[in-house]
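Within every chain, numbering begins at 1; the chains are lettered A, B, ... in the order of the sequence lines, protein sequences first and strands thereafter.
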Protein chains: 2
Amino acid sequence: MTWTQEWLELDPTVCSVARTVALVGDKWTFLLLREVNNGVRRFEPLQRRLGAPRAVLAARLAHLVDAGLLERAPYREAGQRTRFEYRLTQRGADLRPVLVALMQYGDQHLAEDAGPPVELRHRGCGADVHLALVCANAHVLSGRDDLAPRPGSGARRLAS
Amino acid sequence: MTWTQEWLELDPTVCSVARTVALVGDKWTFLLLREVNNGVRRFEPLQRRLGAPRAVLAARLAHLVDAGLLERAPYREAGQRTRFEYRLTQRGADLRPVLVALMQYGDQHLAEDAGPPVELRHRGCGADVHLALVCANAHVLSGRDDLAPRPGSGARRLAS
DNA sequence: CAGTATCCCAAGCGATACTG
DNA sequence: CAGTATCGCTTGGGATACTG
């Protein structure tokens, strides 16, 4: 446990987890991204499915567009004026592992009898997909102690 | 895009993402779990590093113990009375992919020049660790369209 | 050290109504 | 359909002080 001391001296605000959480870690954003990932892109169905107040949804969408995770794309249905829908950017799609990780945990530990609400398949071969921690030597990490976090080059010591 | 219709008819509350977010998706829990993963297990250092009010930290710890993600373990320093520290259970350790996913996203998209604040190594072989989507046939999914989400056996149609 | 207790405040939520 | 505007209210957060 001596290595714990090492972490105590590092600045906890210099942290990629904290930065990502600050960006998308509020009550609605994960669920909103889930919907967009499933192709639900318009305001009305989003609002109906999330159950969020319209003002809240509008604020979240604006925030995500602003952060570059979503983009507004104009579309037009016959006889209607131009409207907008929200699409994932690459930057937004890169958050998919987070969603998959949340989903997998829910499937494993918070599931009901009926099985997972969503299954992930490899489009190429049809097999089930899961998320795994793998090392550069292709070992799969499963045990509690297989993972060794180390301060990286961007770590900063505490000022005090 | 016709498959979008399929998702519109499914109950959005039956969702493993939503359940996991409901469990750990508040402002402090991710950061708290990050600290515990790094071996910071006692109340005082946790409070100091998170900057959360003591009452809030106590509530989060109790909640996580209650949910079975952490366990209180007694320890004793020389000449002191017995105290408690908080350790990850397996159930808590299983959330690590979520943390790693958040961290990887931050490293990729929200980083500073200095590089990642934390690096992950495989304790067995020392190699760098990353998160990967793999299928049952051991294919690694990398492309944007390799992943095909499908309603699973636990999916429920909307009542209305 | 490891929490409780208290108080106050602000953000954010939910509901509803309104607009182009 | 796709939002804005408004409002009352609860939840939870910050600061501080207290206890075994």
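If you take CG of A/Leu70 and C1' of D/dG3, they are 16 Å apart, rounded to a whole angstrom. Taking atom CZ on B/Arg60 and atom P on D/dG12, their separation rounds to 7 Å, with Å as the unit. In this entry the distance linking CG of A/Asp26 with C1' of D/dT11 reads 15 Å, nearest Å. Rounded to whole angstrom, the span from the CZ atom of B/Arg72 across to the P atom of C/dA2 amounts to 10 Å. Residue B/Trp28 contributes atom CH2, which lies 20 Å from atom P of D/dT11 at whole-angstrom precision. For the pair A/Phe84 CZ and D/dT4 P, the computed distance is 12 Å after rounding to whole Å. Following rounding to the nearest Å, A/His63 (NE2) and C/dA11 (C1') show an atom-to-atom distance of 15 Å.
B/Leu69 and A/Leu110 fall within a single hydrophobic cluster, where Ile, Leu, Val, Met, Phe, Trp and Tyr are joined by side-chain heavy atoms under 4.5 Å apart, directly or via other members. A/Val36 is connected to A/Leu99 through a chain of hydrophobic side-chain contacts under 4.5 Å among Ile, Leu, Val, Met, Phe, Trp and Tyr, so both are in one cluster.
The shortest distance between the side-chain N/O atoms of B/Arg41 and the OP1/OP2 oxygens of C/dC1 is not below 4.0 Å. Within the 4.0 Å cut-off from OP1 or OP2 of C/dA2, at least one side-chain nitrogen or oxygen of B/Tyr75 is found. In terms of phosphate contacts, B/Lys27 brings a side-chain nitrogen or oxygen within less than 4.0 Å of OP1 or OP2 of D/dG14. Contact between the side-chain N/O atoms of B/Tyr86 and the OP1/OP2 oxygens of C/dG3 is found at a separation under 4.0 Å.
Comparing the helix axis at one end of the helix from C/dC1-D/dG20 to C/dG20-D/dC1 with that at the other, each defined from 5 consecutive pairs, gives an inter-axis angle of 40° (nearest 10°).
The closest donor-acceptor contact from the side chain of B/Arg48 to the backbone of A/Leu8 lies at 3.5 Å or more, if one exists at all. Using a distance-only test at 3.5 Å, with no hydrogens or angles considered, no donor-acceptor pair links the side chain of B/Ser16 to the main chain of A/Gln104.
Applying side-chain contact (heavy atoms from CB on, under 4.5 Å) to B/Arg34 and the options B/Leu50, B/Leu102, B/Val40, B/Thr29 leaves one that passes, B/Leu50.
Residues A/Ser153 and B/Gly115 share a closest heavy-atom pair of OG-CA, 3.6 Å.
Within residues 42-59 of chain A, the residues having any heavy atom under 4.0 Å from DNA chain C are, by residue number, A/Pro53, A/Arg54, A/Val56.
Side chains of A/Asp94 and B/His109: a donor on one and an acceptor on the other come within 3.5 Å. A/Tyr75 and A/Arg42 share a donor-acceptor pair across their side chains, judged by distance under 3.5 Å alone.
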Inset, instruction - Just do the side chain to side chain contact (heavy atoms under 4.5 Å, CB included) check on B/Arg96 and A/Leu147 with the steps written out, would you? - result: CA-CA 9 Å; B/Arg96 246 173 352 200; A/Leu147 189 66; 3.6 Å; yes
